[in-house]
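Data first, discussion second: the structure below is written as structure tokens.
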2 protein chains.
Amino acid sequence: MATGRTHRPATRSRGIPEATVARLPLYLRALTALSERSVPTVSSEELAAAAGVNSAKLRKDFSYLGSYGTRGVGYDVEYLVYQISRELGLTQDWPVVIVGIGNLGAALANYGGFASRGFRVAALIDADPSMAGKPVAGIPVQHTDDLEKIIDDNGVSIGVIATPAGAAQQVCERLVAAGVTSILNFAPTVLSVPDGVDVRKVDLSIELQILAFHEQRKAGEEAEAQAGAVLEAEAAAAAAKETGKGPDGDVPAVMPA
Amino acid sequence: MATGRTHRPATRSRGIPEATVARLPLYLRALTALSERSVPTVSSEELAAAAGVNSAKLRKDFSYLGSYGTRGVGYDVEYLVYQISRELGLTQDWPVVIVGIGNLGAALANYGGFASRGFRVAALIDADPSMAGKPVAGIPVQHTDDLEKIIDDNGVSIGVIATPAGAAQQVCERLVAAGVTSILNFAPTVLSVPDGVDVRKVDLSIELQILAFHEQRKAGEEAEAQAGAVLEAEAAAAAAKETGKGPDGDVPAVMPA
DNA sequence: CCATCTTTGTGCACGCGTTCACAAAGACAT
DNA sequence: ATGTCTTTGTGAACGCGTGCACAAAGATGG
């Protein structure tokens, strides 16, 4: 359209939408795969397909980073890998501590994707004294008592909480007090943190429940596609109010085929 | 898909926004905690605080389910627990299979939150023949060869993929072909599935990268000079193509950590 | 029964994210 | 050079989700 630059987005690096940031790792992964196959350039259409998004969205996402593409050709894979890496802060090393070395913590410690890109497991921490010294994924587990020192010595700013729910908030507070400002929480609890601390949560139970909701909806649609008795839900709710006592473990007339 | 002809689910659920559905498990957890403390009623304000959301949002969320509150009093805890459980489909039993019993798969199998609410680990499946028969979390691992039969015999409609990335798509296709219509994917891959199949993904690596982005941003703001890890040579190229990095005040004054 | 007080349920406005659609930009062939 | 063809970058419209602010509903006390 207008040849003239109307208004360049004055604030570029700061203005990256959160939704875009969340997709950058996806693009990066797809680009890395292309890079390993020595593909020199890629179009927005191809890359979008690989990342599982819409091409217009991808182009808009990239437009927040700058004009890194070449019209008529596409994007230079290597260059884009570098730009996104830099934007995400992956060109530097991030020491990470994992607190709570149970099944999940051990799984995380062993997770290859950890070390692969900028992240390094600096320490494993557990409250169980009998775990102390025991190596997990080649890293000796240390006791919670030393948490503050570990954080400080290693300059850790990202912490992963894989403890039971009951311990999570307390661990969180100690991490924050020790200087951690980003937390990845696997415990099924709402963490409260001061301003300036980022928390992201990964909750298996919630994901499953969301799936169950859609699963139920699908089953319902399929079963009575044309019934459409909206008011019936009312009656069902009323009737359910009577029968509803132990919403926990009871199984209502399920008969697996 | 084997689970079919149960009873009719609420037809009203069609209008529940996705964002609301994603929060229902959060409310449910908070409500369950209140229920265990025998708290009879709770106000939107209190419950919202417990769930870590805004009270107006909570009320609006509940309004999609119906008018289950009492003005001047609040919500009946037990009743709400039941309503949300029903809405999410947790009053029925959901058999789940976990494919890929490595560190992560084992952690998931052992995860208590699984069985606690509606979900039941029906089977563990792995491609490694030496795993076959070996019990994990009290459940014997079965071989991938029997995947279709396991799905069918147990009426499984929800599958969890915890395999390496390379195997995920293939496993996914077999699950779908066998009748699974909801998939929780822990493998770092974009799964492509036919319409009607829901996929949710949990990706540790992505979460960490998002945290790193914000962490870098915080560090940059705070010290104004923490853009340390920018690679020299390529940074020059980048600066040449782009007119500097932070137009909004974050200057790339390099100061290596 | 009436007044007051608490808390829900929701209309409304706003901002963010998504998507469409297309002009501008460049590559490439002639 | 010039024209054609491909693909980017983005203005604009739209829809969803969020939060405010308040009237309606009901409890509670006198």
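Owing to the predicted nature of the structure, the values given are computational and were not obtained by experimental measurement. Numbers restart at 1 for each chain; the letters A, B, ... are given by sequence-line order, proteins then strands.
Rounded to an integer number of Å, the gap from CD of B:Glu18 to P of D:dT18 is 12 Å. Atom-to-atom, CG of B:Leu65 to C1' of C:dG9 comes out at 13 Å; the value is rounded to the nearest Å. The interatomic distance linking B:Tyr68 (OH) with C:dG9 (P) rounds to 11 Å, in whole Å. For the pair B:Tyr75 OH and D:dG26 P, the computed distance is 14 Å after rounding to whole Å. The separation between B:Tyr79 atom OH and C:dT8 atom P is 16 Å, rounded to whole Å.
Summarising the geometry, atom CG belonging to A:Leu208 is positioned 11.5 Å from atom CG belonging to B:Leu88; distances are rounded to the nearest 0.5 Å. B:Ile84 contributes atom CD1, which lies 10.0 Å from atom CD of A:Gln209 (distance to the nearest 0.5 angstrom). Expressed to the nearest 0.5 Å, how far CD of A:Glu45 lies from CG of A:Leu47 amounts to 10.5 Å.
Here the closest heavy-atom approach between residue B:Trp94 and residue B:Gly89 is recorded as NE1-O, 2.6 Å.
Annotation: of the two residues near DNA chain C, A:Arg23 and A:Gly72, the 5′-most nearest-nucleotide partner is A:Arg23. Annotation: of the two residues near DNA chain D, A:Gly74 and B:Thr70, the 5′-most nearest-nucleotide partner is A:Gly74.
B:Arg217 and A:Asp198 are not joined by a salt bridge, as no carboxylate oxygen comes within less than 4.0 angstrom of a charged side-chain nitrogen.
B:Ser85 places a side-chain N or O within 3.5 Å of a backbone atom of B:Val81 that can act as its donor or acceptor partner.
At a non-hydrogen distance threshold of 4.0 Å, B:Asn54, B:Ala56, B:Lys57, B:Arg59, B:Lys60 from residues 41-60 of chain B come into contact with DNA chain D.
Donor-acceptor pairing under 3.5 Å, judged by distance alone, is absent between the side chain of B:Arg71 and the base of C:dT7.
Side-chain contact, A:Ser44 with A:Arg59: a donor N or O sits under 3.5 Å from an acceptor N or O. Side chains of A:Gln169 and A:Glu173: a donor-acceptor N/O pair is present below 3.5 angstrom, by distance only.
Axis orientation changes by 10° from one end of the helix from C:dC1-D:dG30 to C:dT30-D:dA1 to the other, with each end axis drawn from 5 pairs and the value rounded to 10°.
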Take B:Tyr79 and B:Tyr68 through the ring-ring contact (aromatic ring centres under 6.0 Å, His included) test and state the conclusion after the steps.
CA-CA 8 Å; B:Tyr79 186 57; B:Tyr68 294 152; 5.4 Å; yes
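Across all strands shown, B:Phe62 has no heavy atoms under 4.0 Å from either base or sugar-phosphate atoms.
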